[in-house]
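Below is one structure; the comments refer to it alone.
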Amino acid sequence: QVQLVESGGGLVQAGGSLRLSCAASGSIFRINAMGWYRQAPGKQRELVATITSSGSTNYADSVKGRFTISRDNAKNTVYLQMNSLKPEDTAVYYCTANALRVGGFRANDYWGQGTQVTVSS
């Protein structure tokens with residue numbers, strides 16, 4: 001199995017910064033894309049940012065220029081640096097990874113348990 005554990009969430013004032021981390025562990029052969037999604041109360045889960053194994057990135061329009069996704073392939077870890085936070089960024093942030101397990105035949109998507117980010121006005 002593959003486990004994803006997020007950390008770094010919390011409460012911050014508008015305009016502040018937070019850095020989320022997500023470490024993947026388990027019987028991993030290869031991790032392809034990794035990413036972050038978020039879900040605010042009463043809303044659907046939405047894409048925040050993704051990054052491929054080679055470092056190509058993609059961002060939601062709402063976070064472009066404020067958030068930066070990065071990864072450390074040696075540590076199977078993905079990061080999300082969030083700057084200039086706004087109250088509308090308040091949500092539970094979920095890490096995801098498309099990974100191939102050792103002995104597996106195809107890659108699957110795995111999800112973390114989520115970490116709360118709250119931005120006060």
Side-chain angles (χ1 to χ4, degrees):
Q1 190 57 284
V2 176
Q3 298 83 35
L4 300 178
V5 178
E6 300 111 333
S7 61
L11 173 64
V12 64
Q13 288 188 331
S17 298
L18 282 175
R19 189 191 193 210
L20 305 183
S21 300
C22 173
S25 62
S27 56
I28 299 169
F29 179 76
R30 183 183 69 244
I31 298 179
N32 300 317
M34 302 184 80
W36 292 93
Y37 284 71
R38 66 187 181 186
Q39 187 166 19
K43 294 188 177 181
Q44 290 187 329
R45 190 173 297 189
E46 64 176 3
L47 169 72
V48 176
T50 60
I51 184 168
T52 66
S53 57
S54 60
S56 296
T57 59
N58 179 55
Y59 295 93
D61 288 342
S62 59
V63 307
K64 283 181 180 176
R66 300 188 297 123
F67 291 10
T68 302
I69 189 171
S70 61
R71 64 189 283 175
D72 184 332
N73 291 331
K75 296 181 179 179
N76 289 336
T77 299
V78 63
Y79 306 96
L80 186 67
Q81 178 66 44
M82 304 185 293
N83 299 328
S84 302
L85 282 161
K86 304 175 181 180
E88 50 263 44
D89 294 319
T90 295
V92 177
Y93 283 70
Y94 296 91
C95 168
T96 184
N98 182 266
L100 177 64
R101 295 173 54 190
V102 173
F105 294 99
R106 62 181 177 87
N108 290 297
D109 291 330
Y110 297 89
W111 292 84
Q113 79 287 353
T115 185
Q116 177 70 45
V117 171
T118 302
V119 184
S120 63
S121 57

Is there a continuous path of hydrophobic side-chain contacts, each under 4.5 Å between heavy atoms, that joins Leu100 to Val102? yes
More than 12 heavy atoms of other residues, nucleotides or ligands under 6.0 Å from CD of Gln1: yes or no? yes
For Thr68 and Tyr79: C-alpha separation, side-chain torsions, deciding distance, then whether side chain to side chain contact (heavy atoms under 4.5 Å, CB included) applies. CA-CA 8 Å; Thr68 302; Tyr79 306 96; over 6 Å; no
Could you pull out the closest heavy-atom pair between Leu4 and Cys95, with the gap in Å? CD1-O, 3.7 Å
Any side-chain heavy-atom pair of Tyr94 and Val48 under 4.5 Å: no
Might you work through the side chain to side chain contact (heavy atoms under 4.5 Å, CB included) test for Phe67 and Leu85, ending with a clear yes or no? CA-CA 9 Å; Phe67 291 10; Leu85 282 161; 3.7 Å; yes
Lys/Arg N to Asp/Glu carboxylate O, Lys86 vs Asp89, below 4.0 Å: no
Output for pair (Met34 CE, Thr50 OG1), nearest 0.5 Å, gives 11.5 Å
Restricting to non-hydrogen atoms, name the atom on Ala60 and the atom on Leu47 that form the minimum distance, rounded to 0.1 Å. CB-O, 3.4 Å
Flag the pair Leu20 / Glu6 as yes when at least one side-chain heavy-atom distance between them is below 4.5 Å, and no otherwise. no
Taking ring pair (Phe, Tyr, Trp, His ring centres under 6.0 Å) as the definition, give me every residue that meets it alongside Tyr37, ordered by chain and number, with sequence neighbours left out. Trp111
Quick one, Leu11 with Gln116, criterion side chain to side chain contact (heavy atoms under 4.5 Å, CB included). Give me CA distance, side-chain angles, the key distance, then yes/no. CA-CA 8 Å; Leu11 173 64; Gln116 177 70 45; over 6 Å; no
Going by side-chain contact (heavy atoms from CB on, under 4.5 Å), name the residues that satisfy it together with Ser25, two or more places apart in sequence or in a different chain. Gln3
Check: Gly35 main-chain N/O paired with Arg71 side-chain donor or acceptor under 3.5 Å: no
Minimum heavy-atom separation for Asn98 to Ala107, with atom names? OD1-CB, 3.3 Å
Closest approach of Ala99 to Tyr110 (non-hydrogen atoms, all atoms of both residues): O-CE1, 3.7 Å
Indicate whether any N or O donor in one side chain lies under 3.5 Å from an N or O acceptor in the other, for Asn32 and Ser53. no
Side chain to side chain, Asn108 and Arg106, heavy atoms closer than 4.5 Å: yes
Side-chain contact, heavy-atom cut-off 4.5 Å: Ser62 with Arg38? yes
Are side-chain heavy atoms of Ile31 and Val2 found at a separation under 4.5 Å? no
Side chains of Val117 and Val119: does their closest heavy-atom pair fall under 4.5 Å? yes
Testing the basics here: between Gln39 and Lys43, what is the closest heavy-atom pair and its distance to 0.1 Å? NE2-O, 3.1 Å
Search all heavy atoms of Ser84 against all heavy atoms of Ser17 and return the closest pair with its distance. N-OG, 4.4 Å
Just how far is it from atom CE of Met82 to atom CD1 of Ile69, taken to the nearest 0.5 Å? 11.5 Å
About how many Å separate CD of Gln81 and CG of Leu18, when rounded to the nearest 0.5 Å? 8.5 Å
Evaluate the side-chain proximity of Arg66 to Tyr59: yes if any heavy-atom separation is below 4.5 Å, no if none is. no
